[in-house]
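All figures in this text were calculated on a predicted structure; none of them were measured in a lab. Heavy-atom basis, side chains included; hydrogens, waters and symmetry copies ignored. Reminder, nothing fancy here: chain letters follow the sequence lines and each chain counts from 1.
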Amino acid sequence: MELRLFNTMGRIQEPFVPREAGKVGMYTCGPTVYNYAHIGNLRTYIFEDVLRRTLLHAGYRLVHVMNVTDVGHLTSDGDEGEDKVIKAARERGMSVWEIAEFFTKAFFEDTDKLNIQRPEIVCKATEHIPEMIDLVKRLEERGHTYLAGGNVYYDISTFPRYGELARLDEQDLRAGARVGVDAHKRSPRDFVLWFTRSKFEHQAMVWDSPWGKGYPGWHLECSAMSMKYLGEQFDIHCGGVDHIPVHHTNEIAQSEGATGRHPWVRYWLHAEFLVMDSGKMSKSKGNFLTLSSLEEEGFHPLDYRYFCLGAHYRSQLFFSWEALEAARNARRNLIEHLSGLHPREGWEQTPLSERGEAYKREFEEAIGDDLSTPRALAVLWRAVKDEDLPPEERAVLTVTMDRILGLSLAEAIASDDALEPELLELVQRREALRKQRDFAEADRIRDELARRGIIVEDTPQGPRWKRKTT
RNA sequence: GGCGCCGUACCCAAGUGGUAAGGGAGGGGCCUGCAAAGCCCUUAUUCGCCGGUUCGAAUCCGGCCGGCGCCUCCA
């Protein structure tokens, strides 16, 4: 299939061509594990999962790397502020290491529930300090750094391409005057590569370095780890839109500054935000919802995945409970349709007719067009409801499409799974009672079956049963 | 102050120059012992507003109104 992706670098959609035929190296910015992921964070991981599944579907051999930031970043700019992980540890009475482990586990529990596949490589920042130190040394050798106030800074004036990704303009910065004041910086956009000084005690999280005991700057880990696992240049780098102006901009300066190679990354993809009526969902504002809170309201995690798939990843998506409910209904109806399909045994091997192929092509065109999941979903619906297509083909198409959508639809296509004899007997007894026009007793049995998870529907061909879906 | 995005039916949301996908919700009908499911029909002659370009615009240009994001840790 043909895949076109919107590249933030250049702001243009272009055909995806990997550096090396048949192979893709992809890096996605992972979680900072000092709190639960909120559903806005999760939206980005769902998008990245669709991309990952698409690449696999297209037949590429993929190495997907994701970091886990377990060394905290400061809460504010400059060399003051408090490390988030340390703050969380203090508040919860745990060690920093326990905090990181606890929330890493929680993160993967969420992503598992959302059918988000694990990257080939998941790497922790704290396990790659030597690589980071090495990167700073390389930058130092090439003249991109300066020492001030005990910290090592990146001197962006030595990197002419600085800000290209975000289309930053030197002049823009002045007017707003909202930039943190760090007297040591030569330019407001210079940033710290290695800290040895800060105004708070850093406890366990310090490491030796040529510049003294300290800890890495915020952007270092992604450059160091991505290059360790994917090489000095690779294909795709993803993250949320918020990373464009600072984090990814600085990553580029670090990586290309150290290697002298360009481009470090060929395709930059960014997911837009999930917003609420109170504005952007964020941990600092406290207006965030977690996957667990959705579950507490009776939603299935995949309802949320369906909800996200209903909008394009590059548009802001407005969260509301009503919209989530609509997604839940839609997903249930879809499963309902599928469980009523009853394809014949061995349907998995059914070859697609011309009509079936057309749906598949249409689906791949939608996905190939910068991952248009809303259109892909529309194609799925039309295919599933197409009476002119045999159930076997509809089942095959569903399974194929679901490999990218990840909605666990294959499970819904019950081929002839057997009903427990006891329940089957009830179904049959009820039908006999109906024939005798004893509807009161027949209805009672129908209620009992419903309690036991079986829904009976009467058709001209006799009763039909199915298992209740959640 | 600067950068950028968006405004499509009751709701969510595709479509970005050739005559409005899909889903949800609602209404009517067929079917049914009653249901359920299913099926059929139905809800935008129109895409925030005003101009312009064009044979032709929701789609391009300009202005206005409204919503949002970023420039600071952030998905």
Starting from [atom2] on [N], measure out to [atom1] on [X] and report it in whole angstrom.
X        : N      : atom1 : atom2 : result
A/Ile244 : B/rC3  : CD1   : C1'   : 11 Å
A/Ile367 : B/rG22 : CD1   : C1'   : 14 Å
A/Ile445 : B/rA35 : CD1   : C1'   : 16 Å
A/Phe319 : B/rA13 : CZ    : P     : 13 Å
A/Ile455 : B/rU32 : CD1   : P     : 22 Å
A/His38  : B/rA75 : NE2   : C1'   : 6 Å
A/His248 : B/rA75 : NE2   : P     : 11 Å
A/Tyr304 : B/rG24 : OH    : C1'   : 18 Å

Margin query: Between A/Ser255 (side chain only) and A/Ile252 (backbone N and O only), is there a donor and an acceptor less than 3.5 Å apart?
Written below: no
Notebook entry, point to check: Got a donor-acceptor contact below 3.5 angstrom from the A/Arg464 side chain to the A/Glu457 backbone?
Noted result: no
Check: Is the Lys NZ or Arg CZ of A/Arg328 less than 6.0 Å from the centre of A/Phe299's six-membered ring, within 45° of the axis?
Finding: yes
Which is true for [X] with a 4.0 Å heavy-atom rule: it touches a base, it touches only sugar-phosphate, or it touches nothing?
X        : answer
A/Ala271 : nothing
A/Gly310 : sugar-phosphate
A/Leu334 : nothing
A/His270 : nothing
A/Ala326 : sugar-phosphate
A/Glu457 : base
A/Arg434 : base
A/Asn329 : sugar-phosphate
A/Arg437 : sugar-phosphate
A/Pro374 : base
A/Arg446 : base
A/Arg430 : base

Note to self: Do the side chains of A/Lys113 and A/Glu295 get close enough for a salt bridge, i.e. N-O under 4.0 angstrom?
What the structure shows: yes
Next item on the list: May I ask you to decide whether A/Asp49 forms a salt bridge with A/Arg118, counting only side-chain N to carboxylate O separations under 4.0 Å?
Entry: no
[atom1] gap between [N] and [M], integer Å:
N      : M      : atom1 : result
B/rG66 : B/rA36 : C1'   : 45 Å
B/rU43 : B/rC61 : P     : 33 Å
B/rC47 : B/rU8  : P     : 12 Å
B/rC12 : B/rG4  : P     : 27 Å
B/rG29 : B/rG15 : C1'   : 32 Å
B/rG69 : B/rU54 : P     : 39 Å
B/rG52 : B/rG17 : C1'   : 16 Å
B/rG28 : B/rG63 : C1'   : 46 Å

Measure from the side-chain heavy atoms of [X] and tell me the nearest of [options].
X        : options                : value
A/Ala378 : B/rA14, B/rC39, B/rG22 : B/rG22
A/Ala330 : B/rG23, B/rG15, B/rA13 : B/rG23
A/Trp381 : B/rA35, B/rG69, B/rG24 : B/rG24
A/Val275 : B/rC71, B/rC34, B/rC68 : B/rC68

So, does [X] get its side chain near the phosphate of [N], meaning an N or O under 4.0 Å from OP1 or OP2?
X        : N      : answer
A/His337 : B/rG38 : yes
A/Asn333 : B/rG24 : yes
A/Lys385 : B/rC39 : no
A/Ser315 : B/rA14 : yes

Margin query: For A/Asp369 and A/Phe307, find the nucleotide of RNA chain B closest to each by heavy atoms; which residue's nucleotide sits nearer the 5' end?
Written below: A/Phe307
My understanding is that a pair needs two contacts under 3.5 Å, Watson-Crick or G-U wobble. By that rule, which nucleotide pairs with [N]?
N      : value
B/rA44 : none
B/rC68 : B/rG4
B/rC30 : B/rG38
B/rA14 : none
B/rU54 : none
B/rA9  : none

Report yes if a donor N or O on one partner sits less than 3.5 Å from an acceptor N or O on the other, where the partners are the side chain of [X] and the base of [N]; otherwise report no.
X        : N      : result
A/Arg464 : B/rA37 : no
A/Asp443 : B/rG33 : yes
A/Arg167 : B/rC71 : no
A/Arg375 : B/rG15 : no

Item checked: Pair A/His248 + A/Trp268: ring centers closer than 6.0 Å -> yes
Check: Less than 6.0 Å separating the ring centroids of A/Phe234 and A/Trp264?
Finding: yes
Notebook entry, point to check: Hey, is A/Phe439 stacking on B/rG33? Ring centres under 5.5 Å, planes under 30°.
Noted result: yes
Check: Within a reach of under 6.0 Å around CD of A/Glu164, are more than 12 heavy atoms found that belong to other residues, nucleotides or ligands?
Finding: yes
Check: Would you call the rings of A/Tyr267 and A/Phe16 parallel, tilted or perpendicular, where under 30° means parallel and over 60° means perpendicular?
Finding: tilted
Check: Stepwise, does the salt bridge (charged side-chain N to carboxylate O under 4.0 Å, His left out) test hold for A/Glu101 with A/Lys105?
Finding: CA-CA 6 Å; A/Glu101 199 187 323; A/Lys105 191 162 166 281; over 6 Å; no
